[in-house]
Amino acid sequence: MDGGGEGQMDQSTDHTADDTGTLSMAVHLEGTPQGADGTQGLLTNDYSYVLDDSAAGASANDGIASGGDDDGGHKDGDSLREHVGVEPLQEQDRFLPIHNISRIMRKAIPKKEKIAKDAKECVQECVSEFISFITSEASDRCHQEKRKTINGEDILFAMSTLGFDSYVEPLKLYLQKYRESMKGEKGGMNTSTTGAGDESMASDLGADDSFTANIISTDGQTTMTYTYPTQVQMGQQLQFTGMSS
Amino acid sequence: MAEKSATKSKPVVLPMARIKTIMRSSAEITNIGQESVYLVARATELFIQHLATEAFKQDPETTDTLAYGDLAEVVNDADNLQFLADVIPKKIVVRDYLRMVRQQEEEKEKAKQQSLQEEREDTDS
């Protein structure tokens, strides 16, 4: 054993010296978290850590642990929840394309700022985790209400519940535009706004629901009634009547 | 599929099909409405922008690169990002880790010695 840490390590360690003579040490502990770049995590009493294998920190004496193969990403994920009865996804399906993510990131920060590769991969994992998180919350609500389909309102509710209520307003605007553009596809569009008191079309209005959407189909006509609580900016009840051509 | 939009909205830059796949694997749900996939796509965009902006604020002015550590800081500080705590644990170098382990072992030793000593005193008295 040359160089590397002093003192005894209780855990099992693998020592390999690569061609350049740098000591690589992989420290294996049970139940450790996986870092974004695939390195094994370490547990001490209060914190969980991931060994830093960045070039800046590496030197022969530090004995930086490297996480094994570095093929540009992600090991088979433990980080993404696996639900009972659902098959784990292939690696490429579990994440959104890193190029798209990196584009969105770059637009949000000044042009000359660079983004480290492990940061991009990290965001990639976070994004998948975020999607899962929101979806399972929305799905729980769906189940509670004995519905089988997740709709837009479920997502918005989940956002609000999970601490992302700052997203809700912009998302509502996006949703409105999306619905309008969908209507546009179906041909002529009539929109009428009625007073807040008109509830003739709405069947169940959940007492504590933030949003209620009822779709009533009669004879080829689809009427959608959206009711928003008055504290929201759009305090009106909007009625869209789409005529099928 | 061309959308005739009465009002203009930016095209979605994230692949809806992939998002739907991830959603499907996240929960036991029968159906996912098209609207909800769209909303999740938009929300994800906002989320990425949010992460990037916050991480940029963490980035010291000496470096011009957004790094893993910046993201770890962001996740640490924000309440609504605690679900990411396991996805982005903080990184330390082995040297510091070993030092921490040694410290903890020393403390354990001390505590053991102390309790042994107290036992001896008890038996003596």
Side-chain angles (χ1 to χ4, degrees), chain A residues 5 7 33 35-36 41-42 44-45 48-52 57 62-65 79 83 86 89 93 96 100-101 104-105 108-109 112-116 118-119 122-123 125-133 135-136 139 148-152 155 163-164 167 171 174-175 177-178 180-181 184-185, chain B residues 3-7 9 13-15 18-19 21-33 35-36 38-40 42-49 51-53 55-56 59 64-68 70-71 79-80 83-84 86-95 97-98 100-102 104:
Chain A
L42 306 166
T44 61
N45 284 346
S48 63
Y49 291 90
V50 176
L51 292 175
D52 183 357
D62 290 343
I64 300 297
S79 57
H83 282 254
V86 179
L89 292 174
D93 290 336
L96 297 182
N100 302 41
I101 292 179
I104 299 174
M105 285 180 80
I109 56 178
K112 60 184 178 72
E113 193 85 358
K114 289 176 265 184
I115 309 177
D118 59 355
C122 175
V123 171
E125 287 202 13
C126 291
V127 157
S128 294
E129 196 65 31
F130 173 76
I131 294 175
S132 295
F133 195 44
T135 307
S136 60
S139 149
K148 292 202 174 150
T149 309
I150 296 186
N151 59 26
I155 301 292
F164 293 100
Y167 293 17
L171 286 178
Y174 277 131
L175 184 60
K177 290 182 184 172
Y178 177 78
E180 286 169 8
S181 73
E185 272 192 7
Chain B
E3 286 183 7
K4 277 191 234 161
S5 32
T7 56
S9 68
V13 298
L14 296 168
R18 187 75 66 85
I19 291 178
T21 309
I22 298 174
M23 286 175 80
R24 274 200 193 289
S25 78
S26 311
E28 293 188 29
I29 37 186
T30 334
N31 289 315
I32 306 176
E35 268 184 6
S36 58
Y38 175 77
L39 274 184
V40 169
R42 285 295 185 192
T44 308
E45 260 181 58
L46 293 175
F47 180 69
I48 297 172
Q49 289 169 351
L51 274 186
T53 319
F56 172 65
D59 193 27
D64 60 355
T65 310
L66 215 67
Y68 177 93
D70 303 325
L71 288 165
D79 282 337
N80 62 350
F83 70 98
L84 294 173
D86 285 337
V87 181
I88 323 187
K90 282 190 117 174
K91 280 188 178 181
I92 59 169
V93 298
V94 173
R95 187 177 14 145
Y97 169 74
L98 292 176
M100 275 170 55
V101 170
R102 229 177 300 128
Q104 284 174 2

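All values below come from the heavy atoms of this structure, side chains included, with hydrogens, waters and symmetry mates left out. Sequence lines set the chain letters: A, B, ... in the order given, protein chains first and strands last, and positions in each chain run from 1.
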On a heavy-atom basis, which atom in [X] and which in [Y] lie closest, and how many Å separate them?
X	Y	value
B:F47	A:Y167	CA-OH, 3.3 Å
A:G163	B:N80	O-ND2, 2.9 Å
A:S136	B:S26	CB-O, 4.1 Å
B:A67	A:A116	CA-CB, 4.0 Å
A:G152	B:E35	N-OE1, 3.7 Å
B:A43	A:L171	N-CD2, 3.7 Å

Review point. Can you tell which of B:T44, B:D70, B:L51 has the highest number of heavy-atom pairs within less than 4.5 Å of chain A?
Key: B:T44
Non-hydrogen side-chain atoms of [X] and [Y] separated by less than 4.5 Å:
X	Y	value
B:L71	A:C122	yes
A:E113	B:T65	no
A:D93	B:I22	no
B:M23	A:I131	yes
B:R42	A:L175	no
A:V127	B:E45	no

Report which part of [X] has an atom under 4.5 Å of a heavy atom belonging to chain B: side chain, backbone, both, or neither.
X	result
A:K148	both
A:I150	both
A:I115	both

Tell me, side chain or backbone of [X] under 4.5 Å from chain A's heavy atoms, or both, or neither?
X	value
B:L14	both
B:L84	side chain
B:L46	both

Exercise for review: Determine yes or no for a side-chain-to-main-chain donor-acceptor pair under 3.5 angstrom, with A:N100 supplying the side chain and B:V13 the backbone.
Suggested key: yes
Quick check for you: to the nearest 0.5 Å, what is the distance between [X] atom [atom1] and [Y] atom [atom2]?
X	Y	atom1	atom2	value
A:M105	B:T53	CE	OG1	9.0 Å
B:S36	A:N151	OG	CG	7.0 Å
A:S128	B:R18	OG	CZ	9.0 Å
A:K114	B:D64	NZ	CG	4.5 Å

Exercise for review: Indicate the ring-plane relationship of B:F83 and A:F133, choosing parallel, tilted or perpendicular according to the 30° and 60° boundaries.
Suggested key: parallel
Check your understanding: Do the ring planes of B:Y38 and A:Y178 sit parallel (below 30°), tilted (30 to 60°) or perpendicular (above 60°)?
Key -> parallel
**Study point:** Residues in side chain to side chain contact (heavy atoms under 4.5 Å, CB included) contact with B:D79, at least two apart in sequence or another chain
**Key:** none
Check your understanding: Got a sec, which residues hit side chain to side chain contact (heavy atoms under 4.5 Å, CB included) with B:N31, two or more places apart in sequence or on another chain?
Key -> A:T149
